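Hydrogens, waters and symmetry mates play no part in the numbers below; they use all other heavy atoms, side chains included. Given the structure is predicted, the values throughout are model-derived calculations rather than measurements. Below, chain A is the first sequence line, B the second, and so on; all start at residue 1.
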Amino acid sequence: MMSAAPPPGIVKAADRGLAACEVCGRVSPLPPARCPRCASALHLRKPDSIRRTLAMLAAATALCLPAHLLPMLTIVELGRVTPSTIIGGMLTFWESGDYPIALVIFAASIVIPIIKIVTLLWLCAAASGWLHPSPAALVRLHGITELLGRWSMVDIFVVGILVALLQLGNYMSVIPGPGSLAFAGVVVFTMLAAMAFDPRLLWDRLDTRQDPARIQTRESPPD
Amino acid sequence: MSTPRTSRRAAETWPKPAGTRHSACRFCDALHVSEPVEEGLAARCTRCGTMLYQNRPASLARATAFGIAALTAMVLAHFFPFLIMDAAGMRSKLTLVGAARALIDQDSPLLGVSVILFTIVTPLVLAGGLVYVCLPLHFGRSAPGAVSVAKWMYRSEPWNMVEVFMLGVIVSLLKLIKVADVEFGAGFWSFGMLMLFMAAAVAGIDREELWDRMEIARGGQTAGPAR
Ligand SMILES: [Zn+2]
């Protein structure tokens with residue numbers, strides 16, 4: 001795994017048997033498998049990173065179905081029961097001319113989860129050697145996955161707020177639907193997937209495939 | 001091995017534990033010798049440009065002050081409602097705990113617990129933890145259990161959803177404004193302050209600096225061979 005050949009002037013910590021602690025950042029030799037500063041477990045690379053990322057992504061993808069098919073919430077108004085799904089709620093906003101909110105819901109509940117799942121799949125494929133992206137693209141893509149995740153939770157919070165406020169006895173009440181729990185699961189599992197992924201695997205893959213002779217000599221400080 | 005890309009050698013820097021320290025890029029694993037950087041500057045990876053560490057000006061004072069401000073805003077956010085709604089002759093008020101309790105009462109305990117975790121517990125661990133660790137460090141001391149607290153801060157950071165909840169309150173207000181009289185309450189604005197103070201507190205001190213200072217305050221004792 002560590003038979004990598006990074007460009008001249010660059011040494012990878014793993015090649016020297018050094019590991020950066022994931023919690024406190026201290027670089028120390030491995031073994032021992034514990035950080036001398038904070039006693040967290042040390043690994044050269046996150047153990048089983050790609051498989052764990054894929055497992056989390058599979059869970060998130062499977063939950064997408066109930067999240068979008070089952071109602072997020074059910075409105076009981078004067079005895080009339082109206083279930084509302086994510087897409088249904090978004091369309092209601094769109095039809096009543098509330099384009100900004102419709103777009104916020106569309107972005108947070110539909111676009112961001114899809115982008116996250118596709119991006120992480122793409123990164124897993126690159127780390128497994130099936131795709132050969134440029135490092136610059138990797139930096140950007142990985143940044144996206146870390147940045148976006150939490151915002152999808154906005155719809156869940158909206159459900160909580162509406163349920164809390166709209167309890168007007170017989171006139172109107174709102175009940176959370178099973179779709180909201182499934183959707184919260186989608187968000188949590190995509191976040192866990194992003195955390196399980198180890199971006200250093202991408203560079204290991206890049207280093208093993210690059211021909212050292214073709215790398216331009218670059219300005220780097222002396223060792 | 002390379003030294004990080006910085007513009008000048010440091011004059012003002014935080015105290016470093018003895019011995020040569022290394023820094024590995026968490027994105028590409030490139031190894032660097034940890035060189036001190038001047039206040040306001042950051043060390044970046046020579047391979048991929050990811051920030052390795054940075055020297056924040058007045059870091060301990062800022063993290064402590066903004067942490068205390070964030071805790072104060074947090075208390076206010078729990079005392080006042082986020083939204084006040086008049087509909088069908090009834091006045092309802094929204095609080096954070098109220099939203100969580102409504103979900104639990106309506107047979108969605110997991111959702112209620114998530115709201116509590118992401119909007120109440122996580123910010124408390126982050127802001128409270130920063131104050132607990134940084135305030136004693138100001139006087140060169142390490143609080144009891146500071147290492148565990150700092151670990152919990154690190155773990156909870158990605159789950160902090162204060163700003164997402166703010167967006168949720170805004171979307172809800174726009175949704176409700178058609179069926180009722182709704183307005184923002186003081187809780188909403190306090191929560192906004194919490195969001196700003198917390199961002200400032202977390203950005204106030206770099207992880208590397210926090211852990212270096214903790215290591216020195218604990219007397220440089222390490223559990224294993226130093227290197
Ligand atoms: Zn790097």
Side-chain angles (χ1 to χ4, degrees), chain A residues 6-7 9-14 16 18-20 23-29 32 34 36-40 96 98 101 104-105 135 139 142 149-151 153-169 171-172 175-176 180-181 184 188 191 195 199-200 203 220-221 223, chain B residues 1-3 21-24 26-31 46-50 53 82-83 85 87-88 90 92 94 98-103 106 108 110-112 114-115 118-119 147 150-151 154 158-159 161 164-165 167-169 171-172 174-176 179 207-208 211 215 222-227:
Chain A
I10 304 270
V11 173
K12 287 201 288 193
R16 296 257 168 115
L18 297 172
V23 176
C24 78
R26 166 138 187 213
V27 175
S28 29
R34 294 246 155 234
R37 176 150 77 180
C38 73
S40 306
S96 58
D98 290 312
I101 322 176
V104 165
I105 296 177
V139 177
H142 193 260
R150 303 165 310 137
W151 288 97
M153 211 51 126
V154 68
D155 244 11
I156 299 297
F157 292 149
V158 171
V159 170
I161 293 166
L162 294 183
V163 169
L165 277 180
L166 291 173
Q167 300 299 341
L168 309 172
Y171 177 66
M172 188 187 204
I175 304 159
S180 51
L181 185 59
V188 168
M191 286 178 71
M195 289 174 199
R200 294 169 296 187
W203 298 82
S220 56
D223 200 322
Chain B
M1 199 175 314
S2 38
T3 44
R21 285 301 168 98
H22 294 109
S23 182
R26 65 190 88 168
F27 189 61
C28 75
D29 205 31
L31 190 62
T46 46
R47 185 171 199 192
C48 71
T50 304
Y53 50 87
F82 280 60
L83 291 174
M85 186 185 82
M90 276 189 269
S92 9
L94 173 81
R101 192 192 288 156
L103 285 169
Q106 300 288 331
S108 298
L110 278 175
L111 287 181
S114 320
V115 169
F118 300 150
T119 63
V147 168
K151 275 195 205 178
Y154 165 81
W159 303 99
M161 299 194 192
V164 184
F165 192 83
L167 181 62
V169 176
V171 170
S172 305
L174 295 172
K175 217 166 193 166
L176 290 167
V179 293
R207 180 177 73 155
E208 188 91 2
W211 281 95
E215 192 175 342
T222 48
R227 177 170 172 146

Please state whether the side chain, the backbone, both or neither of [X] comes within less than 4.5 Å of a heavy atom of chain A.
X: B/T119; result: side chain
X: B/V147; result: side chain
X: B/M161; result: both
X: B/L94; result: both
X: B/F118; result: side chain

If you look at every heavy atom in [X] and [Y], which pair is closest and at what distance?
X: A/R150; Y: B/P158; value: CD-O, 3.1 Å
X: A/A164; Y: B/G98; value: CB-O, 4.0 Å
X: A/V27; Y: B/H22; value: CG2-O, 3.5 Å

About how many Å separate [atom2] of [Y] and [atom1] of [X], when rounded to the nearest 0.5 Å?
X: B/E215; Y: A/R26; atom1: CD; atom2: CZ; answer: 5.0 Å
X: A/R37; Y: B/R21; atom1: CZ; atom2: CZ; answer: 6.0 Å
X: B/W159; Y: A/M153; atom1: CH2; atom2: CE; answer: 7.5 Å
X: B/K151; Y: A/C24; atom1: NZ; atom2: SG; answer: 8.5 Å

What part of [X] is in contact with chain B, defined as an atom under 4.5 angstrom from a non-hydrogen atom: side chain, backbone, both or neither?
X: A/I156; result: side chain
X: A/I101; result: side chain
X: A/S96; result: side chain
X: A/D155; result: neither

[X] vs [Y] side-chain heavy atoms within contact, under 4.5 Å:
X: A/L181; Y: B/S108; result: no
X: A/L165; Y: B/S172; result: no
X: B/V171; Y: A/I161; result: no
X: B/K175; Y: A/D98; result: no

Worksheet item: Relative to the ring of B/F165, is the ring of A/F157 parallel (under 30°), tilted (30 to 60°) or perpendicular (over 60°)?
Response: perpendicular

Practice prompt. Show your working on side chain to side chain contact (heavy atoms under 4.5 Å, CB included) between B/M90 and A/Y171 and close with a plain yes or no.
Written response: CA-CA 11 Å; B/M90 276 189 269; A/Y171 177 66; 5.8 Å; no

Response to the item:
Greatest number of non-hydrogen atom pairs under 4.5 angstrom with chain A, of B/A99, B/A87, B/G112, falls to B/A99

Practice prompt. Name the option with the most non-hydrogen atom pairs under 4.5 Å to chain A; the candidates are B/L83, B/L111, B/L176.
Written response: B/L111

Fill in: Side-chain donor/acceptor of B/R207 to backbone N/O of A/V23, under 3.5 Å
yes

